[in-house]
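Encoded as structure tokens, the structure appears first; notes follow it.
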Amino acid sequence: MVTTPDDTTLLARIALGEEAALERLAADYHPHLWRYLARELGADVGLIEDVLQEVYLAIWRGAASYRGDARVSTWIFQIAHHRMLDARRARTRRERRAQPLRAECDGEASEVDTDAAGTVPSHEDAVLDRLTLTEALNALSPKHREALDLVCYHGFTVDETATILGLPPGTVKSRLSYARRALSGALRKGMGIPS
Amino acid sequence: MNADDAGALTCAGCRDVLPEYAAYTCTPHTRARVAAHLSRCAACREEARQWAAIVSLTQQSLPQDEPPPNSLPRVLSGVRAQRAGEHAAAQMLAAHERRSARIMAPQPQVDTQARPSDPTSSTPRTRPSHGWRRRASALGSLAAALLITLLAGILLARGPADEQTGAQPSRAGTPPLTAAALRGLDLRAVALVAPDEGWAVGGTVPDPTYDPLTFQTPYSLPVLLHYMRGRWYRVQAPADLSGSVRLEAVRMLSPTEGWAVGGSLFPPGADALPMGYLLHFHNGTWRVDTVLQNTRLTRLALLSPTDGWVVGDLDPLAGAAVVLHYDGTGWRRVTDPIFRGLTLTAVGGTSGGNVWVAGIREAGATGSDGQAAAVLLHFDGARWAEQAIHANTPPLGLWIADLAMASPTDGWAVGTVLEAAGPGGAADPSRPSSAIVLRYQSGSWTQVARYVAPAGAPTFALDAVVVTAEGDGWAVGTAGLRAHIRAGQVMPDAVPASIAAQPDLWGVAVSSSSDGWAVGDRGSLLYHASDGWHPYSP
């Protein structure tokens, strides 16, 4: 994902209080942000629209602080990532109150990367090997799938993805590497290659 | 990147950038380096294929990925309402402040929800800027193509090998090539070790779905065919050769010893690094012996077990054509000022003291006047010297495709030549070229035959020639053109009336005056018997 000079110009006009510029920028990014949030939050239209509203408001408020060090698209997705985490945590809190005995399953509370050292849980590999490629992709943990989606679908570089996620580039690389290895069994099966 | 920027990419460095390579987000420079690494590293190539599949997979859309109608107006309406509420709150605060007679300087609006790493409250990091729409478009076009080409590449890479190859050298249990499988092969050269055994090389017919931007799937896969006791079999190419490679020449010293050369093959416009490959057949197995960057290897001559020659394209870094010499222990690159500015297209000879190479001096070089000029060079065992060519037209527009020597004083060369734009005029590139035969006799090369292109043919050429020590031989070329060399004469044997009559023939070999093979595009395999040439029927 890349930024046109128009994006920078639009942001400058937003910083000057031009509402039409925000609407134009939002129109450009809306499908991309929607796809990103839908993949991270699921098909909850109301929740996604709430998060998008927060994102566009943050752009409106923060446009003047944009200094052009990062691409506009990276900056906007960084905002979206944080708003998405807020929404996910809020939803998790609601679900915990509703189901106090449900086990914690979202690993985002802890940013310790089990894969950072290059180790892949063997039991997870074994499970993923039996799944189809799509199922295997969906079976990845949110943090691995998000890194994969930002690099492979949204077209951010590893460094940009690291900026968006607030992580060192090395952690992004290890998440990508983990995701590929976790998918490799299903990939081989999908391509008809024996393991 | 885990590699020295000035040097070749390591496997670790390559794998670090493969996600960006597959998603087409790395720089062109990195892209070229990764492509170069992939062309010689099967393990990284496999990982690149996996990344291409993952990128394709992530491109697939779910219904939830599309924003529902009117979602943007709804969201923006919410933004306006929230801002209006904030504005009202701000006005109430201002009124309160006025009432309390406190004067406040204007403050920038701050997102109180922002954390330190939130871009609305922190310093973003540096990135170059590109074009969103170009990127989105590239992703969109790559999305479908990647999966299709990936799977096609996998099938190409595995299908024929699985179906038609077996453990070398035995063909036991391996079915011969089918007619359908043959049609998917473009054969470039053939060599015989006996009347009932030989080898042919080439590439798979170029993949029309190949995307020159991605290098993800091979444009053409290398092909090795083995002829044994009346049947042709496909033999699996060395694993580290899979990629966009076509083999161009093969020569055998014995049933257990031989060499083949080839190079990377990409469609016009692909910004890919040329690569050259030298393969060794020894004790039943083909292996990659040498890999050269920046140039392709195209022709090969084995004059004895201790004397071999390989020539290739102009190496732009060296500024000269690549020439390799084999002395029985290994191949060494031969440098000589005479090779500067040349692309070499043919090599032949009778011994280490009688070697000929032919080629072209690239356009713009001395005397070329904007057109490539043909050159013939002779090596007498001590030094190289350029030989004059006595053709009816000047060497401008002349292309020598192959040469063969019956003896140190008797040889043949074939190729193509542009027609002149009138008597005594210069070569005219706008007119179709003609196939040409040159003969070496009495110390000079002289044009002895020319075959005019049939109507509608843009080019007409003889591309391969072979001649026995007895002076009996054949030349083959465009659309099945064949010429017979016998008793010092060359005679047309088959001259196509139409360019579409037959596939082009690129290679010919004979084991005797009555036994030989010719190979060409779309699996063309012709055998020569005492009663003439016949198509091979699988």
Side-chain angles (χ1 to χ4, degrees), chain A residues 1-5 7 22-23 26-28 30-31 34-35 38-39 42-43 45 49 52-53 56-58 60-62 64-67 69-71 73-75 78-79 82 86 133-134 137 148-149 151-153 155-160 163 166 173 176 179-180 183-184 187 190-193, chain B residues 15-17 19-20 22-26 47 49-51 53-55 57-68 71-72 74-76 78-80 82-83 108-111 113-115 117-121 123-136 139 150-151 154 158:
Chain A
M1 180 172 298
V2 289
T3 303
T4 66
D7 289 343
L22 176 68
E23 293 178 0
D28 281 351
H30 196 66
W34 188 283
R35 144 93 196 208
R39 288 295 170 111
V45 172
E49 289 191 349
L52 280 171
Q53 186 175 313
Y56 297 147
L57 265 174
W60 176 263
R61 292 165 179 159
S65 70
Y66 175 75
R67 286 195 281 267
D69 295 337
R71 289 192 294 156
S73 57
T74 306
W75 185 76
Q78 199 178 1
I79 295 170
H82 287 287
D86 287 344
L133 205 48
T134 305
L137 187 68
L148 208 59
D149 218 34
V151 172
C152 295
Y153 178 80
F156 291 106
T157 65
V158 167
D159 286 353
E160 287 169 332
T163 299
K173 287 178 186 174
L176 292 170
R180 184 195 61 77
L183 293 171
S184 63
L187 279 171
M191 296 171 185
I193 301 171
Chain B
R15 289 172 182 192
D16 266 355
V17 294
E20 295 171 348
Y24 205 73
T25 53
C26 59
E47 198 164 306
R49 288 191 178 115
Q50 292 187 359
W51 274 115
I54 291 170
V55 168
L57 184 66
T58 61
Q59 307 289 327
Q60 295 172 5
S61 283
L62 303 173
Q64 69 192 55
D65 293 339
E66 297 296 324
S71 74
L72 180 61
R74 268 200 307 274
V75 170
L76 290 176
V79 171
R80 278 191 292 271
Q82 194 162 341
R83 283 182 44 229
Q109 289 178 311
V110 176
D111 176 8
Q113 300 289 315
R115 286 170 296 277
S117 59
D118 190 308
T120 53
S121 63
T123 305
R125 279 158 266 187
T126 304
R127 284 302 310 159
S129 110
H130 306 283
W132 165 294
R133 284 161 190 84
R134 179 185 62 75
R135 169 82 202 108
L139 275 176
L150 169 79
L151 293 177
I154 294 294
R158 299 180 47 75

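Reminder, nothing fancy here: chain letters follow the sequence lines and each chain counts from 1. The shown structure was predicted, so the numbers you read here are calculated from the model rather than taken from an experiment.
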* How far apart are the closest heavy atoms of Val151(A) and Ala23(B), and which atoms are they? -> O-CB, 3.4 Å

* Spacing of CZ belonging to Arg35(A) relative to CD belonging to Glu66(B), to within rounding of 0.5 Å -> 9.5 Å

* Asked: Side chains of Trp34(A) and Asp65(B): closer than 4.5 Å at any heavy-atom pair?
  -> no

* Asked: Looking at CD1 of Ile54(B) and CZ of Arg180(A), how far apart are the two atoms once the value is rounded to the nearest 0.5 Å?
  -> 7.0 Å

* **Side chain to side chain, Leu183(A) and Trp51(B), heavy atoms closer than 4.5 Å** => no

* Looking at Gly78(B), Pro19(B), Cys26(B), which has the largest count of heavy-atom pairs under 4.5 Å with chain A? -> Gly78(B)

* For the residue pair Cys152(A) and Thr58(B), what are the closest heavy atoms and their distance? -> CB-OG1, 3.5 Å

* Ser71(B) side, atom OG; His30(A) side, atom NE2 - distance, nearest 0.5 Å -> 2.5 Å

* To do: List the steps, then state whether side-chain contact (heavy atoms from CB on, under 4.5 Å) holds for Tyr56(A) with Val75(B).
  => CA-CA 9 Å; Tyr56(A) 297 147; Val75(B) 170; 3.4 Å; yes

* Asked: Which heavy atom of Pro67(B) sits nearest a heavy atom of Pro31(A), and at what distance?
  -> CG-CA, 4.2 Å

* To do: List in chain and number order the residues that pass side-chain contact (heavy atoms from CB on, under 4.5 Å) with Glu23(A), two or more places apart in sequence or in another chain; answer none if no residue qualifies.
  => Glu19(A), Leu76(B), Arg80(B)

* chain B contact via Ala64(A) - which portion, at a heavy-atom distance below 4.5 Å -> neither

* Quick one: what part of Val45(A) sits under 4.5 Å from any heavy atom of chain B, side chain, backbone, both or neither? -> side chain

* Please check if the side chain of Glu20(B) supplies one atom and the backbone of Val158(A) the other of a donor-acceptor pair under 3.5 Å. => yes

* Any side-chain heavy-atom pair of Leu22(A) and Val79(B) under 4.5 Å -> yes

